[in-house]
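Heads up, the thing below is written out as structure tokens.
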2 protein chains.
Amino acid sequence: MPTINDVAKAAGVSPSTVSYVLSGRRPISAETRARVQAAIAELGFHPHAGARALASSKTNVIALVAPLRVDVNVPVIMQFATAVVTAARSYNHDVLLLTKDEGTAGLERVAHSTMVDALILMDLERDDLRIPALRRLKQPSVLIGLPADHTGIACVDLDFGAAAREALSHLAGHGHRRIGLVGPSPAVYKRQTTYADRFLTGFLDASVDLGLRTVTHPCEPGAEGVRSCMADLDAELDGITALVVHNEEALRPLLDLLHATGRRIPEDISVVAVCPRDVATAMPVALTSIDIPAHDVGTLAVETAMRLLDGRSVEYTRLLAPSLVERDSCREISASHR
Amino acid sequence: MPTINDVAKAAGVSPSTVSYVLSGRRPISAETRARVQAAIAELGFHPHAGARALASSKTNVIALVAPLRVDVNVPVIMQFATAVVTAARSYNHDVLLLTKDEGTAGLERVAHSTMVDALILMDLERDDLRIPALRRLKQPSVLIGLPADHTGIACVDLDFGAAAREALSHLAGHGHRRIGLVGPSPAVYKRQTTYADRFLTGFLDASVDLGLRTVTHPCEPGAEGVRSCMADLDAELDGITALVVHNEEALRPLLDLLHATGRRIPEDISVVAVCPRDVATAMPVALTSIDIPAHDVGTLAVETAMRLLDGRSVEYTRLLAPSLVERDSCREISASHR
DNA sequence: TTGAAAGCGCTACCAT
DNA sequence: ATGGTAGCGCTTTCAA
């Protein structure tokens with residue numbers, strides 16, 4: 001492997017000049033630049049990442065901490081990861097993939113050993129133990145999620161509270177007055193993943209504001225979980241005409257159950273889902289949905305990290321506005337039915 | 001951040017001694033070791049990864065090249081990634097995540113700049129353009145898949161040919177004589193992802209060996225794709241009593257279709273799926289399936305990379321034996337029905 | 001069993 | 001506009 005010295009000799013310049021051609025940090029005459037670039041190309045020179053990191057204290061790598069268990073929402077995780085890697089590359093950075101199960105130790109390991117310039121974390125919990133650790137790192141971090149005390153740490157996420165309000169106001173606008181929420185699994189609430197709470201709070205607030213009768217219930221995965229969740233909802237509120245589903249996994253078995261029990265969508269019951277676009281459209285009935293903009297969130301997380309890295313200002317809490325797309329699962333209820 | 005020199009001073013030894021305590025590459029007296037370790041702990045010393053890489057020419061990082069498009073089998077990809085990261089950590093390595101769309105350039109970039117010690121690639125195509133590039137790298141690589149000419153490059157995968165044989169022999173053992181294959185989407189064949197071919201070849205060979213009447217067809221995603229695939233299969237072969245499904249995405253719509261057309265599983269038609277265990281069990285009818293052992297394959301890929309890195313011998317083609325698990329989707333056909 | 005010191009390949013400061 | 005060079009923090013010979 002050729003080094004910067006080899007290039008310098010081949011081009012008849014000093015190593016520092018080669019370095020400056022590479023970094024553009026000082027003016028170089030067109031002629032010199034051309035000679036250097038020719039030498040670089042000819043020798044197939046690639047700067048040694050470690051040497052660079054050592055000399056410059058920058059690695060051009062960011063850590064992405066992902067929940068690699070299978071129990072969580074796999075497609076959404078993949079979309080975040082894709083977006084983060086793609087965005088990082090567009091800023092000339094690479095991505096080191098860490099798993100959440102390494103916990104605080106993993107963060108400290110990569111940060112203290114200077115493997116990364118910044119960290120992006122997903123699947124944050126309400127009182128996530130990693131947050132105090134992040135504060136102690138010299139590298140900045142960006143969270144995808146919104147834990148309780150995130151003072152001084154940048155957070156990016158969908159505005160789940162607004163998403164709930166949007167779902168309800170869409171249904172209310174179609175004349176629905178009795179609405180059930182099929183929530184995430186109890187495990188999600190237990191883990192204190194904050195989006196569940198934020199959605200629920202928004203849902204309850206909006207119910208009051210819009211004067212709706214609503215009922216909410218978590219939903220275990222699988223056909224049995226869906227069955228019992230629906231039974232609970234129906235038991236607690238008569239004449240439900242619409243469901244909001246904030247549980248991607250439950251979506252499919254729920255539609256099956258509704259079908260099996262003869263409740264047609266949207267004739268007998270309307271449904272608004274919160275899930276990625278492609279999941280909504282892949283269902284037997286294309287679902288009116290609020291998108292989880294994983295791509296936008298991931299990209300924004302990287303942008304935020306980059307701003308932090310070069311000392312520019314950032315908004316420390318960035319909640320993306322939800323957008324509801326109408327498809328085939330919601331129906332207008334005529335006044336006589338209300 | 002404390003350096004190795006700080007630790008050396010604190011422990012009253014030379015920096016090299018600290019280094020040897022860390023690496024264990026030469027004997028250190030118990031007493032000295034203790035002093036050094038105390039100093040390391042007290043100062044919170046973590047060796048600088050870049051400095052280490054520069055001095056030792058080892059990064060302790062491996063690249064994982066994944067297809068981060070959403071069109072491919074997302075859960076399986078995640079399982080591979082999880083396994084690779086976990087296994088890598090167990091060997092004290094980290095994982096740099098690359099996307100397939102960077103192509104050859106991405107591989108060369110991370111390899112030439114010495115960011116990684118080895119590479120693991122998934123989603124290989126039959127005549128993958130990246131293979132010649134891999135051969136030129138100084139770092140070893142391991143493929144998850146089996147492209148046409150993989151001379152000199154280690155490959156790890158499920159033995160899809162054997163998987164097809166296993167599926168057919170299971171069905172034949174249950175008395176089935178007319179069997180259809182619901183294959184991957186045409187896009188997969190077009191992309192020349194080799195597992196499709198290997199499965200198909202195994203399927204056709206086994207049909208002959210077992211004296212079966214079989215018919216095969218690719219299957220577009222979605223309800224419509226499944227419908228037309230089944231129509232083709234039925235048209236080409238009367239009285240199909242069993243299906244082999246090598247298409248995870250098609251599984252769900254296929255079961256819906258069979259249900260809708262009154263073909264009960266397993267009473268009217270038996271099904272063997274090739275998919276991850278949890279996908280098989282999540283279906284309305286728990287499916288007899290051949291597992292895609294993503295975890296094992298990923299782990300083995302890392303082990304192979306590690307062996308390569310420390311110059312140990314490896315098998316250059318490692319095809320894992322399939323294992324079929326009986327569940328509720330296959331039925332014995334009595335002799336009178338044959 | 002331990003120490004000294006020469007690099008590893010690059011960046012960035014100080015010169016000119 | 002360019003060159004010289006002192007580190008960056010570690011590993012690893014060579015010596016003792």
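Keep in mind that the numbers below use all heavy atoms, side chains included, and drop hydrogens, waters and symmetry copies. Per chain, numbering begins at 1; letters A, B, ... match sequence-line order.
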Ser16(B) near the nucleic acid: base, sugar-phosphate alone, or nothing, with a heavy-atom cut-off under 4.0 Å?
-> base
Calculate the interatomic distance between Arg33(A) atom CZ and dT2(D) atom C1'; express it in whole Å.
-> 13 Å
Spacing of Ile4(A) atom CD1 relative to dG9(C) atom P, expressed in whole Å | 12 Å
From the candidates dC8(C), dT11(D), dA4(C), the one with an atom nearest any side-chain atom of Ser19(B) is dT11(D)
Per atom distances to the Thr32(B) side chain, the nearest of dT1(C), dT12(D), dG4(D) is dT1(C)
Among dA1(D), dC10(D), dT2(C), the nucleotide that comes nearest once only the side chain of Arg52(B) is considered = dC10(D)
Check whether more than 12 heavy atoms from other residues, nucleotides or ligands sit under 6.0 Å from atom CZ of Arg109(A), and answer yes or no.
-> yes
Nucleotide dC10(C), atom C1' - distance to NE2 of His48(B) in whole Å | 12 Å
Per atom distances to the Ser29(B) side chain, the nearest of dC8(D), dC10(D), dT1(C) is dT1(C)
Quiz item: Arg26(A) side-chain donor-acceptor pair to dT2(D) base, under 3.5 Å | yes
Could you tell me the separation between the NE2 atom of His46(A) and the P atom of dC8(C), rounded to a whole number of Å?
-> 20 Å
By nearest-heavy-atom nucleotide on DNA chain D, the more 5' of Pro47(B) and Ala30(A) is Ala30(A)
For the side chain of Ser56(A), counting heavy atoms from C-beta on, which of dG9(D), dA12(C), dT12(D) is nearest?
-> dA12(C)
Is the distance from OP1 or OP2 of dG3(D) to the nearest side-chain N or O of Ser14(A) less than 4.0 Å?
-> yes
Spacing of Asn5(B) atom CG relative to dG7(D) atom C1', expressed in whole Å | 12 Å
Between Gly12(B) and Ala51(B), whichever has its closest DNA chain C nucleotide further toward 5' is Gly12(B)
Report the distance from atom CG of Leu64(B) to atom CZ of Phe80(B), rounding to the nearest 0.5 Å.
-> 10.5 Å
Atom CZ of Arg35(B): over 12 foreign heavy atoms under 6.0 Å | yes
Over all atoms of both residues, closest heavy-atom pair of Leu309(B) and Pro140(B) | CD2-CG, 3.8 Å
Are more than 12 heavy atoms from other residues, nucleotides or ligands located less than 6.0 Å from atom CZ of Arg25(B)?
-> no
How would you label the contact of Val18(A) with the nucleic acid (heavy atoms, under 4.0 Å): base, sugar-phosphate, or nothing?
-> nothing
Of the nucleotides dG9(C), dC8(C), dC14(D), which has the atom closest to the Thr3(A) side chain?
-> dG9(C)
Rounded to the Å, how far apart are Asp6(A) CG and dG9(C) C1'?
-> 10 Å
Whole-Å gap separating P (dT11(C)) and CG (Leu54(B)) = 12 Å
Using atom CZ of Arg25(A) as one end and atom C1' of dT11(C) as the other, report the distance to the nearest whole Å.
-> 9 Å
Quick one: the side chain of Tyr20(A) and the base of dC10(C), do they pair up donor-acceptor inside 3.5 Å?
-> no
Do the side chain of Gln139(A) and the main chain of Asp117(A) share a donor and acceptor less than 3.5 angstrom apart?
-> no
Any N/O donor-acceptor pair, Thr17(B) side-chain to dG3(C) base, under 3.5 Å | no
